[in-house]
Protein chains: 4
Amino acid sequence: MTENRIPTPSSPAPDVLRCAYMELVVTDLARSRDFYVDVLNLVVTAEDEDVIYLRSMEEFIHHNLVLRQGPEPAVAAFAYRVRSPEELDKAEAFYTELGCPVRRSKDGFLKGIGEAVRVQDPLGFPLEFFYEVDHVERLAWRYDLHTPGTLVRLDHFNQVFPDVPKAVAHMEDLGFRVTEDIQDEEGTTYAAWMRRKPTVHDTAMTGGAGPRMHHVAFATHEKHNILAICDKLGALRLSDAIERGPGRHGVSNAFYLYLRDPDGHRVEIYTQDYYTGDPDNPRVTWDVHDNQRRDWWGNPVVPSWYTEASTVLDLDGNPIPTTERTDSSEMEVTIGADGFSYTRKEDGEDSMPEYKQGEYKLGHQL
Amino acid sequence: MTENRIPTPSSPAPDVLRCAYMELVVTDLARSRDFYVDVLNLVVTAEDEDVIYLRSMEEFIHHNLVLRQGPEPAVAAFAYRVRSPEELDKAEAFYTELGCPVRRSKDGFLKGIGEAVRVQDPLGFPLEFFYEVDHVERLAWRYDLHTPGTLVRLDHFNQVFPDVPKAVAHMEDLGFRVTEDIQDEEGTTYAAWMRRKPTVHDTAMTGGAGPRMHHVAFATHEKHNILAICDKLGALRLSDAIERGPGRHGVSNAFYLYLRDPDGHRVEIYTQDYYTGDPDNPRVTWDVHDNQRRDWWGNPVVPSWYTEASTVLDLDGNPIPTTERTDSSEMEVTIGADGFSYTRKEDGEDSMPEYKQGEYKLGHQL
Amino acid sequence: MTENRIPTPSSPAPDVLRCAYMELVVTDLARSRDFYVDVLNLVVTAEDEDVIYLRSMEEFIHHNLVLRQGPEPAVAAFAYRVRSPEELDKAEAFYTELGCPVRRSKDGFLKGIGEAVRVQDPLGFPLEFFYEVDHVERLAWRYDLHTPGTLVRLDHFNQVFPDVPKAVAHMEDLGFRVTEDIQDEEGTTYAAWMRRKPTVHDTAMTGGAGPRMHHVAFATHEKHNILAICDKLGALRLSDAIERGPGRHGVSNAFYLYLRDPDGHRVEIYTQDYYTGDPDNPRVTWDVHDNQRRDWWGNPVVPSWYTEASTVLDLDGNPIPTTERTDSSEMEVTIGADGFSYTRKEDGEDSMPEYKQGEYKLGHQL
Amino acid sequence: MTENRIPTPSSPAPDVLRCAYMELVVTDLARSRDFYVDVLNLVVTAEDEDVIYLRSMEEFIHHNLVLRQGPEPAVAAFAYRVRSPEELDKAEAFYTELGCPVRRSKDGFLKGIGEAVRVQDPLGFPLEFFYEVDHVERLAWRYDLHTPGTLVRLDHFNQVFPDVPKAVAHMEDLGFRVTEDIQDEEGTTYAAWMRRKPTVHDTAMTGGAGPRMHHVAFATHEKHNILAICDKLGALRLSDAIERGPGRHGVSNAFYLYLRDPDGHRVEIYTQDYYTGDPDNPRVTWDVHDNQRRDWWGNPVVPSWYTEASTVLDLDGNPIPTTERTDSSEMEVTIGADGFSYTRKEDGEDSMPEYKQGEYKLGHQL
């Protein structure tokens, strides 16, 4: 499956601390501002006519999300913070050795960020690495600013790529560790979760036509905060922004909700996964046919969640063409006409709720 | 629509306090005990080989749910508590005048209950009225017995009947008040919620082939208690018991979850509706095409929820035949091939989430 | 103790639905608005230079709290809604027979309220009875307006009076039922909770110099909403508004918090007591020496909570003089130098937490 | 203040992952089991007549808490997990160079732990370092085992030592980073919080007679889980185990509760601090006179919390003598007769709640 393994550079990988921000291109900045600021209550650190810099309530760096006005919805950067300025040299050498497009800017590519390196990685994704950043007020104690659905942290990215093992091997070269994955009995990998900070992930690879961006995820403190976001969307008659959930993930054990922003970019709201910081943290492998793997309560995954994702841009701002997945499709092997899922492995398909067979079997012939 | 209005008796209606318990016939008592006691943690007040008497954590009367071993799943009684022993005379006279089967037992029909009147009401449902009842310990303060999903009260019943206005008119004769309903622009009523105690309902009428029992609902204190029940079902690999939800209702504004017990009887877990006790409490009428009416977050209702319900028994224990609904079907006018729903009335069908069109439009050709 | 029982009128009592609103006199309307609107997020139904009309998020009547600018902090009315306009005649006759000051206004005493009767009851408290009231939007579904500490209902009043049994007997004449009380082994009653709507109370009588107003209580949906109010007060550097709690009550089993408004009026935030609507609802009597009676977790009651309360006004707006309590003082018999409390009755004072003996024994020599 | 700075070893410090477990000596193992297993629901990994090995619900290593039967209550080890077996060599060299007692065991000192190094550190505390450990089931997904107060992780230790800056400097040599501290205007440090894993702390130093153990802390997912522990203690008539809280910390921003176990060992239950993993994570310094520093809601700290702590043992199991603090006492400068606290710095002592002055000013003449 992973015929063309991306070579491991002899240059050491930069020491990545965590996923730090995503730069999104949006087609109507005012409309996106309504969504991220008025509905989701992300905090505006700075803004001008073309760009809005947003952060979560417990963040002390300049931003976790950048909205940039542009002609088509896309993702311009998945940005990671590294441990020190020196790590930028490593990033530059690492990707240069891989033959990737690499750009380095002394002043950074965006307001609030100092020196930074941007690359188009071997998988095709636009990444940024930076250390220097403006500090801003950590609003953790500012409960006067909290809302029922307060977002407290950027938690992770999620990327779509056709060949998951190939992507994972490369990310391991970059120092990421796999915490969980989804496989079938033949060893096909459908998705994998990888971390630097000791949560379940800083990014995940989801099998599919790629490179594309699947979602960006923000954390809340408690589950009721996520429910409050749904309630508010209902009150605003924007419930159509809810794509999937809320629910409990099997993978990660977190409580989740998936939204679609006005451009269709997918945003997850997420809370309460577990500590993964030990080197021997046990990897959890889920059977793709286990219908509790993606929703612990057995609620089916809506097809769009599998099929739709955001375009990513190269360093010149051009859309990166995608490659189709050739491995089996998770959607087809689980909820499609020929797929199957089970609640209890020993009972097989008989253990699927009849109530939901419409959704699992009939519902999704798109 | 309501051509054959049930006449209003000249006898005064009994003064009903609240829905008090339901008597369910189950086909495998041990299996049902697993579900209601080991999974849902209802409290066993008493039990023998054939019957289990269960109550919720804040109840002080003998039981809120009775499980009786029998040959086919069914409902033997919807039991209401009345304000005093004298109200039994009124109940007897009220239904006798209506020509209904009426039985009165000095010693009650079930353990723990004193004198009681059972009737098959003009809609065909088996009702019980009682006042005398054994008091048992109210376990409200017994937090050592609480579980993450503790059920604290019986909240309401829900009945299926073909002609909702006819059923409502009769229930109003019995002293119930409508708090909310679902209608269309032609005035067809699809469902109505009616109360005695000052919550949104003690029972509701759901349009469909009937008389049948749609569900019985227990209340929790908080929303996380309901999520905990889902999490536990997942851990026990019983997530197939989850039929619909969890979610936020439009109607009632409550947070909800629908389960199916081992016999298919539907149980709702419910929390946080609102006070309705004033005589001029405003009735809320929902448009049947509003896709937030049954789920405030716009998640589609699974077809089984519309179509499946439990048989009810007459006073001799025989299944009561059902009559089909002739008014429009809520499922067909909303999620069926010819139906339509909207998120924003002014945007019409365009305001339906594309992500869910499979579920709304394709998914449910049963 | 109750030597001078207030006679039971031959006139029937009005049928009271529920506590409906309190009229508070405040000395700095703008400062009080900050507290009730900006901090507690009650909703402004109407306001002018002298009066602000506030309601909770699930209310449909015009107001639950009225703030009126005045020279000294005081309570001008404890207002109850009755079941119909006809009940006003009963109220008028009931209190007239008792020889109380009674005033009736065709147009009501306050904006939004129709015909009303105000009395100074035999205990000295200013009460209002009304049925007609302007309906306003019930904001239950307006989650876009919700805050982390949203107040959803007016729950109850709490009154201070020297002779609790005397007050209780009179309130029973008015149709209230006792749900819980605090007594000692000699039968002294220290406090009693009484209801019309089926919660633990619409009002309570707390033993002490009176008539005075102890507190007015609003309900939230969940416990975290109450914690969020504390967090917000901390963020605003207004934590000195927190007098007692948050905690779990023994009496009522509710989760609670006591605040003091800028004039010292006490406001409780309260959630999750239990259904009490059956006529034979079991009364719970607590031992005054049980240190879990007022805080289930055994945290001591701060002395000011026992000693401070708001002046109440007669129908001309003059402060009503108070009478001292002659029965034993709950504070003195429990946390004072000669008092005692226990965690486990069988272990007596030995079961008091040493960690808190400063608070229980030394702390409160006021 | 820190005249006798402990020298920085030339040997590199071991790479500590996280606080991993505490070994407690208890005087009645069965009684302690009741507390930790039956009340707090920690999971028993293994036990025999003399020792019980307990873990939290999301842990995958053998234990987070060891209870050992012994003659006097004490702490035998604060155990940290290191990144690899090789780090044990570093630990051995690091403390040997410091002239500390050092013991190394190939088979570990306790069941479930492999090779380990125990030292009495220069501050006098018994520490253990280990990497090898038996893996056990991570019960994160076992919601069937969850209770309302489920403890999911060991979060941190807290140590008492007279000279906080001296202790901090040494812990920094060991690779810990300060996240928050409490100081006064003269620069006296009263307490400091230090981390390895990216939470607010793996351990803290609290100023006082030491070396002693102040508390060990376990995390829950949500705040209601902590409240549920209080409710359960009330139901079991064990509320005297509650020493302080629940409340919101200023320092750490976490929600907290302090319990005392049957031997008086202090256990904190803790949830929702913030991510601290960036090297430039902003340190938060609190003014010792800010009455929201230890409780964001301004509730006073009970004196025992300042004065009482557990004895720690040397490597032979003998109690380590303590040294008094000579710097100012936090209790005396804040709640004592000559101390002062403020809610709003600009308002000084006038901003202290009068309701609580008994507790702040009179209450604590121990």
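Proteins get letters first, then strands, A, B, ... in listed order; numbering begins at 1 in each.
Atoms CD1 and CH2, on D/I242 and C/W296 in that order, are 11.0 Å from each other to the nearest 0.5 Å. With values rounded to the nearest 0.5 angstrom, D/D295 atom CG is found 8.0 Å from C/S239 atom OG.
Put simply, of C/G250, C/P246, C/G247, the one with the most heavy-atom pairs under 4.5 Å next to chain D is C/P246. The candidate from D/K345, D/R260, D/E222 with the greatest count of non-hydrogen atom pairs under 4.5 Å with chain C is D/R260. For the options C/L233, C/N253, C/D290, heavy-atom pairs under 4.5 Å to chain D are most numerous at C/D290. Comparing C/T343, C/D347, C/D231 by heavy-atom pairs within less than 4.5 Å of chain D, the highest count is held by C/D231.
Put simply, the side chain of D/R237 never gets that close to the backbone of C/R344: no donor and acceptor are under 3.5 Å apart.
Between C/L227 and D/W297 there is a side-chain heavy-atom pair separated by less than 4.5 Å.
The neighbour count for C/E185 CD, taken as heavy atoms of other residues, nucleotides or ligands under 6.0 Å away, does not exceed 12.
Only the backbone of C/A241 comes within less than 4.5 Å of a heavy atom of chain D; no side-chain atom from C-beta onward does.
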